[in-house]
Amino acid sequence: MSKYYSEADIGLSIEDLCSTVFDVLTSSKTDTELQNDLFEFLGFDRFELIQSLIQNRKQIIKTALMEEENAKKKTEAGFSRPTYGCQVTIQSEDEKRLMKQMRKDEKRGDRPRTDDMESFNFDPKTMRMQREAALLAAATAPILIQQNRGNYKIPEKYPNVFDSMAEARQSSAFIAGVKMSLSEDFRRNSNKMYEEVIIPHTETAPANIGNNRVPVDQLDEIGQIAFKGTKELNRIQTVVFPAAYKTNENLLICAPTGAGKTNIAMLTILHEIKQHISQGVIKKDEFKIIYVAPMKALAAEMVRNFGTRLEPLGISVRELTGDMSLTKAEILKTQMMVTTPEKWDVVTRKSTGDVALAQLVKLLIIDEVHLLHDDRGAVIESLVARTIRQVESSQNMIRIIGLSATLPNYLDVARFLHVNPYQGLFFFDGRFRPVPLSQTFVGVKATNRVQQLQEMNTVCYEKVLEQVRQGYQTMVFVHARNDTVRTAMVLRDMAKNKNEIGFFLPEQSRQYGEAQKTTMKSRNKQLKDLFPDGFATHHAGMLRQDRNIVEKYFAAGLIKCLVCTATLAWGVNLPAHAVIIKGTQIYDAKKGSFVDLGILDVMQIFGRAGRPQYDKFGAGTIITAHDKLSHYLSLMTRQNPIESQFINSLTDNLNAEISLGTVTNIEEAVKWLSYTYLYVRMRCNPLAYGLNYNMAETDPMLEAYRRELITAAGRKLDKAQMVRFDERTGYFASTDLGRIASHFYIKYDTVEVINENLKTIMTEADVVAVVSKAQEFDQIKVREDEMTELEELMSETCVMQVPGGVENTYGKVNILMQAFVSRQSVDSFSLVSDQAYVAQNAGRIMRALFEICLKKSWPIMAGRLLNLCKTIDKRLWGFENPLRQFPTLSQEILKKIEDKKLTIDKLKEMDHKEIGHMVHHVRMGSTIKKCVNQLPALDLEASIQPITRTVLRVRLTITPEFKWDDKVHGTSSEPFWIWVEDPDNNHIYHSEYFLLNKKQVQTGEVQNLVFTIPIFEPLPTQYYVKAISDRWLGSQFMCPISFQHLILPERHPPHTELLDLQPLPISALNDPMLETLYKFTHFNPIQTQIFHCLYHTDKNVLLGAPTGSGKTIAAEMAIFRVFREYPNHKAVYIAPLKALVRERMEDWKVRIEKKLGKKVVELTGDVTPDMRAIAGADLIVTTPEKWDGVSRSWQTRNYVKAVAVLIIDEIHLLGNDRGPVLEVIVSRTNFISSHTSKPVRVVGLSTALANARDLADWLAISQMGLYNFRPSVRPVPLEVHIHGFPGQHYCPRMATMNKPTFQELSGSTAANYIE
């Protein structure tokens, strides 16, 4: 080594160098792998040295071990360590045992030999050689016992991964397990109060990467329009440009915050748009682009950004979040939607209506993919898994783009997003930050909680002042919303006490004057108080307009110190020169305790440090407890991989997939899990997910463990009645409850609460109490400082009892919900944000409860819950006047209306002058009258018609009786819920969602609804039909259905019993010619029983028998009787469809015409033979309409008079639309036979009928000619499975049937699916 290197050149002693090279040579790698390691460590110019090291590898190791042995012998002390080699020895059990044996041998070797030893030819030298060989084998063997665990492989190099840390890890200096230290120029300061480590900003990225920038003017026309105002792409964008703009590859781009990832997203959007240009026109209805942003605030910013840039192309960009919902028409007009993970999950969960939208998606961009580690990460996993499965099942390409901060295990995330690492994976480390970052880590030494807090505030103030003195703005991040105000107040008071407030005060200017006026108008007291001193706060609980004010004035430089929560770092792109994280303890509501702030949050917050336009570098400071200092130092220099959180919400996501119909059994569920990030991480790091190493070894695909997870989740869902899970067959079937939970995003735990507490009759107060206990509200904490205000709210504004009081979470939720409806303003800051959260979720849970009660058919509860849904939506109690829903009426007027107890009905009867006098405001009379007329009102009328003794058909006539106004009702439709209830049994027999269109209201068009309901004997007194508006309080209408004069059909005689007769041979026809027509020897039981009546009598016959029981042969018996008994007469066979006529013709042309020599003629709309052919025919096969047309002029057509038998197939179609034609034919036939005094026999063939007797009376059939067999009488038994599918709309309903139908077809039993 000393021949090639000198210590001065390499900054390392030759001994250390030899030690490291020796470590490399003794590792268990192949020569080829070693070659790569040595080239990296020693450099490519030392080719000869590396070649000789590898060629003499065994010799070097052997010599070194021999030298070690000699050294051992020489030293009296016995065992001393060699000067080279690693300082820590890891021994396997084998090695340990061999070493012990060797030491024993050496001791024996020093003793004089005995004769015994000689007799055994025991030679310690030979023995030592054998031991050394075994020791060498043990040293090179893998440490873990099993041989198949494989050796460590150097990770592959990917073309677009620029990760200096990974490169360092692969260098040979890292092989010996050396700890990665901090950069050389770091500084460490320590005093009584704290210890501080300062890491200066990093060096810039290598100049050769992405330096051939792509100028915007070289892009095509579309690119230039979207990048207007930009000269060229930056370094990262240039590297990604070919893959993003010119291919359809899935991409994962990991880059530091602020590196321009949004523009990469824009490149992929433009590429997608370009694929839908035809002849210079963008086909806007062919594609949808979905951009999933982690927060609503970020979504709004993205809509502004993309919207303005894509507007010139005519591309519409809209926000689709909890704040902004779009109608179906708006969704159709929008090409790009910016949404949050939860919202897009809800949209894709619903199979109804949104299927078309999901199928149009061609590009899915997921921002901040590293949120996979977060609790919300499960949603992203669910989305990606659903998208990739959709791509595979529909074979329609959806491109997935993942944008993320620098994360450690980018390869796992790439695998999860199905990204090709050689083409679509781009990783840029911290060197690519637009503004280099200096990091300061401060560990406060105090252990007492209160003292620690004070010292953190002091350190924080010092750091803030240091930056503000230099003229920089600072952001201080804290971890609780109320802590923002506390910290801002403390910092301001410190500045005032130390007389340093001057540094913080904004410069007096016109802009500052305007800003002060704006802030004074805000309802936020703290903002008004802090702003004049140059301080402000920002968190998600503040109202949106207040947040906007703070963001605007911080960007303008009027706020010197902004105290905020992490939401600002994730959501809003608002950089400052310096950011300070004060404290790293964050409250985790799920665990109910404080946990350490996650590393990705720290990185995201640090990403806000440094403003690209103004700063040369940014400063990030983290103030933590002293014992956590090393934790954050090590995390920031060498990150931990991000793990999946999917297991925590596996039950909810499984329920969503079962409801959607994409998972129907355990096999599919196990396959579905393989698309998640959970699966990728479980295989890499099984121990973190509760698997032991053996499980991972024996089952590398983790199939058994996935099955275990799914089975456990399936059992839980089955217990909560959300799905039906048959463990024997492994099949899942969704229930109404599961579907509702999936559609309304209700968690499994909440469903358990609902199952436990929901009863058939509850008061409004009970319902609100149940909603308050929902798991969604578990994270709301009861804080000491809010108690008094909550008690005030409870006593003054709550209109219902509050179980639990103010000291319980559910009591607090209940109070806030009632205060929200009462429009009571809340002072405490934390209560404002909690109330917003409660209001947002309560409406959704209430809607779900309404749907559950509707599905359970509980009318009292459904009505109450629908009213409570509207109460929360409109913030209006049911006992208040419905006119409060009109903002045009003032509080004063509304109070007068309520004091005078003027109900809507009373106001409708009065004219506008009377109303004006009543409220002592004549001019307002017409406005009030106008509002009364605009409140949706309907007139209902119901007529009933019994179909059987148990089924009733209801025809409901709906007449709109209100004036439509676009400002009040919107431009499309007003929704209503209509149901029929039995007040005695508290049961709903029919319910439906009904839309009344604007046009129908304006024209006053009458709407008809027809539906069937069951009826029971003894007859109930009455049912009620109710119509309740889905949006308006006070819009509820009812119409009774009375059964007093209802005449039910008569009780029908039972079905004809199938007699146990000896099967009749075909020789009973007594005609050898006829016998040759049949291939069988005996008639079936039904044909045997009816043979005599059909073949030997002229009685009219009605045969009701199931399909496939040989009714056509029965028709042939009647025809053959005519041929035999009345040779000059004709038989007419009427089939309902042309296709059936054609089928009969094909059969009878051969059998009756060719074999019997009788003339058979087809008479349909397609085939009209001439008069002579019809006149000469013996058998006419026709359709009802055609025979009706022909028989109308029967006086002039002799062949109509010559008809002896009229056979009507499928006569049960009388009850259908074409029934009247059949009625006319039969009536006319009877009329003709009465005139010609030649009776015409009528034979009706049908399926089994309920009221066969009525039909038989009409056809003049006596007891002998009526055969109505029950449906189960079939020659071949039929098993019928009826599987009902929910869903109002035809196409999505058919889509949900696809999978079950396929399964039944591919399974052993084929089933009839009846929709």
Side-chain angles (χ1 to χ4, degrees), residues 155-163 166-167 205 209-210 212 214 219 223 233-257 259-275 287 289-293 341 361-372 377 380-381 383-392 395-429 432 641-642 644 674-677 679-681 683-684:
E156 279 187 74
K157 280 203 154 196
Y158 298 106
N160 299 310
V161 171
F162 308 106
D163 184 359
E167 286 160 22
I209 299 169
N212 299 327
V214 176
L219 298 179
L233 301 182
N234 73 12
R235 179 180 285 193
I236 289 178
Q237 291 153 7
T238 300
V239 174
V240 181
F241 177 75
Y245 201 64
K246 295 180 177 173
T247 71
N248 267 329
E249 282 291 329
N250 285 359
L251 303 181
L252 172 63
I253 292 119
C254 304
T257 312
K261 295 192 286 285
T262 312
N263 274 351
I264 295 173
M266 179 56 97
L267 290 172
T268 61
I269 291 165
L270 295 175
H271 173 70
E272 192 52 54
I273 292 170
K274 285 196 302 182
Q275 288 176 296
F287 67 97
I289 295 167
I290 303 297
Y291 187 102
V292 180
V361 173
K362 295 287 182 271
L363 174 63
L364 177 66
I365 301 169
I366 303 171
D367 200 356
E368 315 287 9
V369 171
H370 51 268
L371 279 172
L372 281 169
I380 296 175
E381 291 191 47
L383 287 183
V384 173
R386 197 173 295 148
T387 306
I388 292 170
R389 291 184 80 210
Q390 187 187 322
V391 170
E392 288 181 3
Q395 294 297 303
N396 285 335
M397 165 76 188
I398 300 177
R399 186 183 192 188
I400 299 177
I401 309 294
L403 307 175
S404 139
T406 47
L407 47 95
N409 48 339
Y410 43 84
L411 273 170
D412 295 338
V413 180
R415 203 170 300 136
F416 159 61
L417 293 175
H418 287 221
V419 168
N420 178 342
Y422 293 97
Q423 290 170 334
L425 172 61
F426 293 85
F427 180 91
F428 304 94
D429 60 15
F432 290 83
I642 65 172
S644 164
S674 71
Y675 291 90
T676 59
Y677 182 63
Y679 175 66
V680 174
R681 282 306 299 163
R683 290 185 65 193
C684 299

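Positions are given from 1, in the same order as the sequence printed here. Quick note: numbers below take in every heavy atom, side chains included, and nothing from hydrogens, waters or symmetry partners.
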Candidate pair Val391 and Asn396, rule side-chain contact (heavy atoms from CB on, under 4.5 Å), full reasoning:
CA-CA 5 Å; Val391 170; Asn396 285 335; over 6 Å; no
Report the C-alpha distance between Glu368 and Ser404 in whole Å, list the side-chain angles of each, state the deciding distance to 0.1 Å, and finish with yes or no for side chain to side chain donor-acceptor pair (under 3.5 Å).
CA-CA 4 Å; Glu368 315 287 9; Ser404 139; over 6 Å; no
Walk me through whether Ile269 and Ile365 qualify under side-chain contact (heavy atoms from CB on, under 4.5 Å).
CA-CA 9 Å; Ile269 291 165; Ile365 301 169; 3.7 Å; yes
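Within the 4.5 Å cutoff, no side-chain heavy atoms of Asp412 are placed close to those of Ile642. When side chains are defined from C-beta on, Ile401 does not count as touching Ile366, because their heavy atoms never get closer than 4.5 Å. Residues Tyr245 and Lys274 meet the side-chain proximity criterion, which asks for heavy atoms closer than 4.5 Å. Between Arg399 and Thr247, some side-chain heavy-atom pair lies under the 4.5 Å cut-off. Residues Asn263 and Leu267 are not in side-chain contact: their nearest non-hydrogen atoms beyond the backbone lie 4.5 Å or more apart. Considering only heavy atoms from C-beta on, Tyr675 comes within 4.5 Å of Glu392 through its side chain. Contact check for Lys362 versus Ile398: no side-chain heavy atoms found under the 4.5 Å cut-off.
Contact between Cys254 and Ala405 at its shortest, heavy atoms only, is CB-O, 3.8 Å. Looking at every heavy atom in both residues, Leu233 comes nearest to Phe241 through CD1-CD1, 3.7 Å. The shortest heavy-atom contact between Tyr422 and Lys157 is CE2-O, 4.2 Å. For the residue pair Gly402 and Val369, the shortest heavy atom distance occurs at CA-CG2, 3.6 Å. The nearest pair of heavy atoms linking Ala259 to Ile236 is CB-CD1, 3.4 Å. Across every non-hydrogen atom of Pro408 and Pro641, the tightest pair is CG-CA, 3.8 Å.
Of the inter-residue distances, the one linking Phe416 atom CZ with Arg681 atom CZ reads 13.0 Å to the nearest 0.5 angstrom. A distance of 11.5 Å separates OH of Tyr291 from CG of Leu364, quoted to the nearest 0.5 Å. Interatomic distance, CD1 of Ile253 versus CD1 of Ile264, reported as 4.5 Å (0.5 Å rounding). Considering SG of Cys684 and CZ of Arg415, their distance stands at 5.0 Å, rounded to 0.5 Å.
No donor-acceptor pair closer than 3.5 Å links the side chain of Asn250 to the backbone N or O of Gly424. Side chain of Gln237 to main chain of Asn234: a donor-acceptor pair is present (N/O by atom type, distance under 3.5 Å, no hydrogens or angles). Looking at His370, its side chain never comes within 3.5 Å of a backbone N or O of Leu407 through a donor-acceptor pair. At distances below 3.5 Å, not a single donor-acceptor pair connects side-chain atoms of Asn409 with backbone N or O atoms of Leu411.
Checked against Asn160 for a side chain to side chain contact (heavy atoms under 4.5 Å, CB included), the options Leu425, Val239, Val240, Leu252 give a single hit: Val239. Among Asn248, Ile400, Ile273, Leu251, the one residue that satisfies the side chain to side chain contact (heavy atoms under 4.5 Å, CB included) test with Thr268 is Leu251.
Within a 6.0 Å radius of NZ in Lys246, no more than 12 heavy atoms belonging to other residues, nucleotides or ligands are found.
Every residue was checked against the ring-ring contact (aromatic ring centres under 6.0 Å, His included) condition with Tyr679, not counting sequence neighbours, and none meets it. For Asp367, there are no salt bridge (Lys or Arg N to Asp or Glu O under 4.0 Å) partners, not counting sequence neighbours.
Classified by interplanar angle (parallel below 30°, tilted 30° to 60°, perpendicular above 60°), the ring pair Phe432/Phe162 is tilted. Below 30°, between 30° and 60°, or above 60°: for Phe428 and Phe426 the angle between ring planes is below 30°, a parallel geometry.
For residues 261-273, no pair satisfies salt bridge (Lys or Arg N to Asp or Glu O under 4.0 Å), with sequence neighbours left out.
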